[in-house]
Amino acid sequence: AGGGCARLADPRHRRRLTVRADRGPAPPYAAAVSMQRQAPDPGTLADVTTLGVGGAPARWAAATTEADLIAVVAEADRRGEPVLLVGGGSNLLVGDDGFDGVAVRIATRGVAAAGDACGGEEVTVAAGETWDELVARAADSGWVGIEALSGIPGQVGATPIQNVGAYGQEVADTLVSVTAYDRQSAQVVLLAAREC
């Protein structure tokens, strides 16, 4: 966690936000394959993107847990089926012909904070959480580090990839680690901030 309280005069800003995207040890994913748990078909990709363009995918799936998300992607990889991960739908441009594969809606939820006022707050956030809602929660909780990043569309899981930043703050300044699924090795990996 960053920022000791000895350097901060205002007690409301003693807790520095440290974003963690990992969820601890990886659960057994082999038993969690949820390809049968199809998402309600939202129609076309135009219905779920901020640009409002894009045809339908061959198939929709939803992932409400990390295990489901990894299982859907792993099963599609085993089948040789193309995968399109759909979060908040910003920065996603799809042609009118749609997507010839499975479009996976990332709907994982959860925010957990642990820490103390002097050492910093460590926050673990699921990929499907809305970024702007996390920023609002950080501001309300006195977590320092991302409060200037309000109004940026998308989900938390995309922020390490985009290195979201504005007004002198960026995600790289508060990120501790990211848990990711390595599709080449079919393994869950923990990436330290420097590896991102």
Side-chain angles (χ1 to χ4, degrees), residues 1-3 10-24 27 34 37 39-40 42-43 45-52 54 60-70 72-73 84-94 103-117 119-181 190-191 193 196:
D10 184 346
R12 292 176 299 156
H13 298 289
R14 284 184 161 172
R15 300 187 313 182
R16 176 159 178 80
L17 175 66
T18 303
V19 176
R20 288 182 60 92
D22 62 297
R23 305 279 294 181
S34 61
R37 195 182 310 177
L45 286 157
D47 298 327
V48 296
T49 63
T50 57
L51 294 174
W60 285 101
T64 58
T65 68
E66 290 176 36
D68 284 346
L69 179 57
I70 292 170
V72 168
V73 172
L84 175 65
L85 299 176
V86 181
S90 57
N91 294 333
L92 183 58
L93 179 62
V94 182
V104 183
R105 296 290 310 265
I106 301 174
T108 56
R109 296 289 182 262
V111 178
D116 59 59
E121 197 78 18
E122 190 168 282
V123 181
T124 302
V125 185
E129 289 287 338
T130 302
W131 175 255
D132 201 39
E133 290 175 9
L134 176 64
V135 173
R137 181 170 178 175
D140 289 344
S141 300
W143 303 335
V144 179
I146 63 170
E147 66 277 5
L149 304 180
S150 181
I152 297 172
Q155 291 180 330
V156 171
T159 60
I161 300 299
Q162 299 291 334
N163 192 23
V164 168
Y167 305 108
Q169 291 183 337
E170 55 185 36
V171 170
D173 296 333
T174 58
L175 185 73
V176 172
S177 63
V178 174
T179 297
Y181 177 66
L190 180 66
L191 302 172
C196 296

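No hydrogens, no waters, no symmetry mates; every other heavy atom, side chains included, goes into these values. The model shown is predicted, which means the values in this text are computed figures rather than measured ones.
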Ile161 CD1: over 12 foreign heavy atoms closer than 6.0 Å: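 Not more than 12 within 6.0 Å, no.
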Is it the case that the side chain of [X] and the backbone of [Y] share a donor-acceptor pair, with hydrogens and angles ignored and the cut-off at 3.5 Å?
{"X": "Thr108", "Y": "Gly128", "answer": "yes"}
{"X": "Gln162", "Y": "Pro160", "answer": "no"}
{"X": "Ser141", "Y": "Ala138", "answer": "no"}

Considering non-hydrogen atoms only, spot the tightest contact between [X] and [Y] and give its length.
{"X": "Ala166", "Y": "Ala148", "value": "O-CB, 4.1 Å"}
{"X": "Ala113", "Y": "Trp143", "value": "CB-CZ2, 3.6 Å"}
{"X": "Ile146", "Y": "Val135", "value": "O-CG1, 3.5 Å"}
{"X": "Val72", "Y": "Ala61", "value": "CG1-CB, 4.1 Å"}
{"X": "Ser177", "Y": "Leu190", "value": "OG-CD1, 3.6 Å"}

Any heavy-atom pair between the side chains of [Y] and [X] that's under 4.5 Å?
{"X": "Leu149", "Y": "Thr159", "value": "no"}
{"X": "Leu45", "Y": "Val86", "value": "yes"}
{"X": "Arg105", "Y": "Val48", "value": "yes"}
{"X": "Val125", "Y": "Leu134", "value": "yes"}
{"X": "Leu85", "Y": "Val73", "value": "yes"}

Can you tell me how far apart [atom1] ([X]) and [atom2] ([Y]) are? Round to the nearest 0.5 Å.
{"X": "Glu129", "Y": "Arg137", "atom1": "CD", "atom2": "CZ", "result": "8.0 Å"}
{"X": "Gln155", "Y": "Trp131", "atom1": "CD", "atom2": "CH2", "result": "12.5 Å"}
{"X": "Leu191", "Y": "Thr179", "atom1": "CG", "atom2": "OG1", "result": "8.0 Å"}
{"X": "Thr64", "Y": "Leu69", "atom1": "OG1", "atom2": "CG", "result": "10.0 Å"}
{"X": "Ile106", "Y": "Asp68", "atom1": "CD1", "atom2": "CG", "result": "12.5 Å"}
{"X": "Ile152", "Y": "Asp132", "atom1": "CD1", "atom2": "CG", "result": "8.5 Å"}

Residues Val123, Val111; criterion side-chain contact (heavy atoms from CB on, under 4.5 Å); working and verdict: CA-CA 7 Å; Val123 181; Val111 178; 3.8 Å; yes
